[in-house]
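Below you'll find the structure, written out as structure tokens, and then a few comments.
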Protein chains: 2
Amino acid sequence: MADESLSERYRAWQAEGLDPGGCPVRDVLDQLGDKWSTLIVIILAGGAHRFSALRRAIPDISQRMLTQSLRDLERDGLVLRTVFPTKPPSVEYRLSELGRSLLEPLAPLVGWAEANHGAIRAARARYDREQQAAE
Amino acid sequence: MADESLSERYRAWQAEGLDPGGCPVRDVLDQLGDKWSTLIVIILAGGAHRFSALRRAIPDISQRMLTQSLRDLERDGLVLRTVFPTKPPSVEYRLSELGRSLLEPLAPLVGWAEANHGAIRAARARYDREQQAAE
DNA sequence: TCCGCGAGTCTCTATTTGAGACCAGCACTC
DNA sequence: GAGTGCTGGTCTCAAATAGAGACTCGCGGA
């Protein structure tokens, strides 16, 4: 089973003394898991977007967080930023080669999320009902 | 290319008026992306663990966050919690069927993280160097 | 009688996030 | 020529969230 190799790999990393920036899983997934990054990558999968286009695509992100998430993604080399010196300057963001390679493992996860969203919502409702009852 | 279908699906959801709990991608991935959840799932992939065993496995998680992450995972039906009424009571956590099904799409992502960790670290170093130079 | 264990909870502080005002340069309008 | 708007940000301040560490409860052992 490949399942167990997952925890196996984590354990292996842990065994050889946890170096600071260390564990790839944690370093990389923490970044992707910061609420906006993954979503931005998914949107950019559909093609390059300008700053304001991204803001429209994600109505409930604050400008501050959009800027910061894009910076982080750029820093990690997943996203490329190009400034066009037009009259009001415009900035275009698009996925790099590395960013595009992330889509491959990301797609199944999104598929899983869609397929199991119903089950998760049901589980939540059940849990909440039981908590209510127990109180 | 399947790549674009990712953003396509997000756009489709967005088009039909964004209902609150709405978008499966956001609802589910926000949960998984909260810094500890994914890691806990990965560790539980290797078998059931007790609360204190999890704490040892993730030395830098606070007790508070471990409790909360486990509750969330339990609420979403990914993790099962069993209390054994032993002398000092012990509690065992393990993946549910649903939780185990998540491992399948998760494994490629972890693989990607390991494979590209080096590239990301290199990109970061380059970015930081350029920032330094520009300042 | 006092100590410690397991699995939490509670409190207090530090860090992150979000809302929203403000900025610069230029084009267009009045 | 003053006023307005667009772009892609930055700054400040308040609210939410995470982390550290003390405290709890019942019981078994020294």
Side-chain angles (χ1 to χ4, degrees), chain A residues 18 20 23 26-27 29-40 43-44 47-76 79-94 127 130-131 134-135, chain B residues 18 20 23 26-27 29-40 43-44 47-76 79-94 127 130-131 134-135:
Chain A
L18 9 65
C23 180
R26 300 186 53 172
D27 192 19
L29 293 191
D30 275 16
Q31 195 62 34
L32 291 177
D34 76 341
K35 183 168 188 185
W36 302 114
S37 298
T38 308
L39 193 57
I40 292 174
I43 290 170
L44 290 182
H49 280 65
R50 303 232 314 255
F51 187 84
S52 48
L54 284 169
R55 214 142 77 87
R56 274 190 300 277
I58 316 175
D60 56 342
I61 193 176
S62 65
Q63 221 166 353
R64 196 177 152 294
M65 276 296 98
L66 180 54
T67 301
Q68 192 183 303
S69 301
L70 285 169
R71 284 284 130 76
D72 289 348
L73 251 17
E74 188 197 353
R75 188 168 101 101
D76 283 1
V79 157
L80 299 171
R81 179 173 178 273
T82 319
V83 181
F84 294 103
T86 50
K87 317 65 180 303
S90 73
V91 180
E92 187 189 83
Y93 293 92
R94 66 189 193 287
Y127 183 91
E130 281 165 16
Q131 286 315 93
E135 158 267 349
Chain B
L18 7 66
C23 179
R26 301 185 53 173
D27 191 19
L29 293 191
D30 276 16
Q31 195 63 35
L32 291 178
D34 77 341
K35 185 169 187 182
W36 302 115
S37 298
T38 308
L39 192 58
I40 291 173
I43 291 171
L44 290 183
H49 281 66
R50 302 231 313 252
F51 186 85
S52 47
L54 283 169
R55 214 142 80 85
R56 274 190 300 277
I58 315 175
D60 56 342
I61 194 176
S62 65
Q63 222 166 350
R64 196 177 152 293
M65 277 295 97
L66 180 55
T67 302
Q68 191 182 304
S69 301
L70 285 169
R71 283 284 130 75
D72 289 348
L73 252 16
E74 187 197 356
R75 188 168 102 102
D76 283 2
V79 158
L80 299 170
R81 178 173 179 273
T82 319
V83 181
F84 294 103
T86 48
K87 325 54 179 311
S90 73
V91 179
E92 185 189 82
Y93 293 92
R94 66 190 193 288
Y127 184 91
E130 282 165 16
Q131 286 314 93
E135 158 268 344

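Below, chain A is the first sequence line, B the second, and so on; all start at residue 1.
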Sequence neighbours left out, cut at 3.5 Å: what donor-acceptor pairs do the side chains of residues 32-40 of chain B make with other protein atoms?
residue: Asp34(B); atom: OD1; partner: Ser37(B); partner atom: N; Å: 3.2
residue: Asp34(B); atom: OD1; partner: Ser37(B); partner atom: OG; Å: 2.5
residue: Asp34(B); atom: OD2; partner: Ser37(B); partner atom: OG; Å: 3.4
residue: Ser37(B); atom: OG; partner: Gln31(B); partner atom: O; Å: 3.4
residue: Thr38(B); atom: OG1; partner: Leu32(B); partner atom: O; Å: 2.5

Under 3.5 Å, sequence neighbours excluded: what are the donor-acceptor pairs made by side chains of residues 68-75 of chain A?
residue: Ser69(A); atom: OG; partner: Met65(A); partner atom: O; Å: 2.8
residue: Arg75(A); atom: NH1; partner: Asp128(B); partner atom: OD1; Å: 2.9
residue: Arg75(A); atom: NH1; partner: Asp128(B); partner atom: OD2; Å: 2.6

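Within the structure, the salt bridge (charged side-chain N to carboxylate O under 4.0 Å, His left out) test picks out the following pairs touching residues 56-68 of chain A (sequence neighbours left out): Asp60(A)-Arg26(B).
The span of DNA chain D lying next to chain B, judged by atoms under 4.0 Å from heavy atoms, is bounded 5' to 3' by dA18(D) to dG28(D).
In this structure, Arg55(A) places its CZ atom 12 Å from P of dG20(C), rounding to the nearest Å.
Residue His49(A) comes nearest to Gly47(A) through the heavy atom pair ND1-O, 2.8 Å, listed as atom of the first residue, atom of the second, then distance. A pairwise comparison of heavy atoms in Ala57(B) and Pro59(B) identifies O-CD, 3.4 Å as the closest pair. Considering all non-hydrogen atoms of both residues, Leu66(B) and Arg55(B) come closest at CD2-N, 3.9 Å.
Taking the side chain to side chain donor-acceptor pair (under 3.5 Å) definition, one finds that Asp30(B) meets it with nothing, sequence neighbours left out. With sequence neighbours excluded, the residues satisfying side chain to side chain donor-acceptor pair (under 3.5 Å) with Thr82(B) are Arg94(B).
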Across nucleotides 5-19 of chain C, 5' to 3', mark each nucleotide with B, S or - according to how protein heavy atoms within less than 4.0 Å reach it.
BSBBB-B-----BBB
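The shortest distance between side-chain heavy atoms of Asp76(B) and Tyr127(A) does not fall below 4.5 Å.
The CD atom of Gln63(A) sits 12.0 Å away from the CG atom of Leu54(A) when rounded to the nearest 0.5 Å.
Axis angle across the helix from dT1(C)-dA30(D) to dC30(C)-dG1(D), with five pairs used at each end and values rounded to 10°: 20°.
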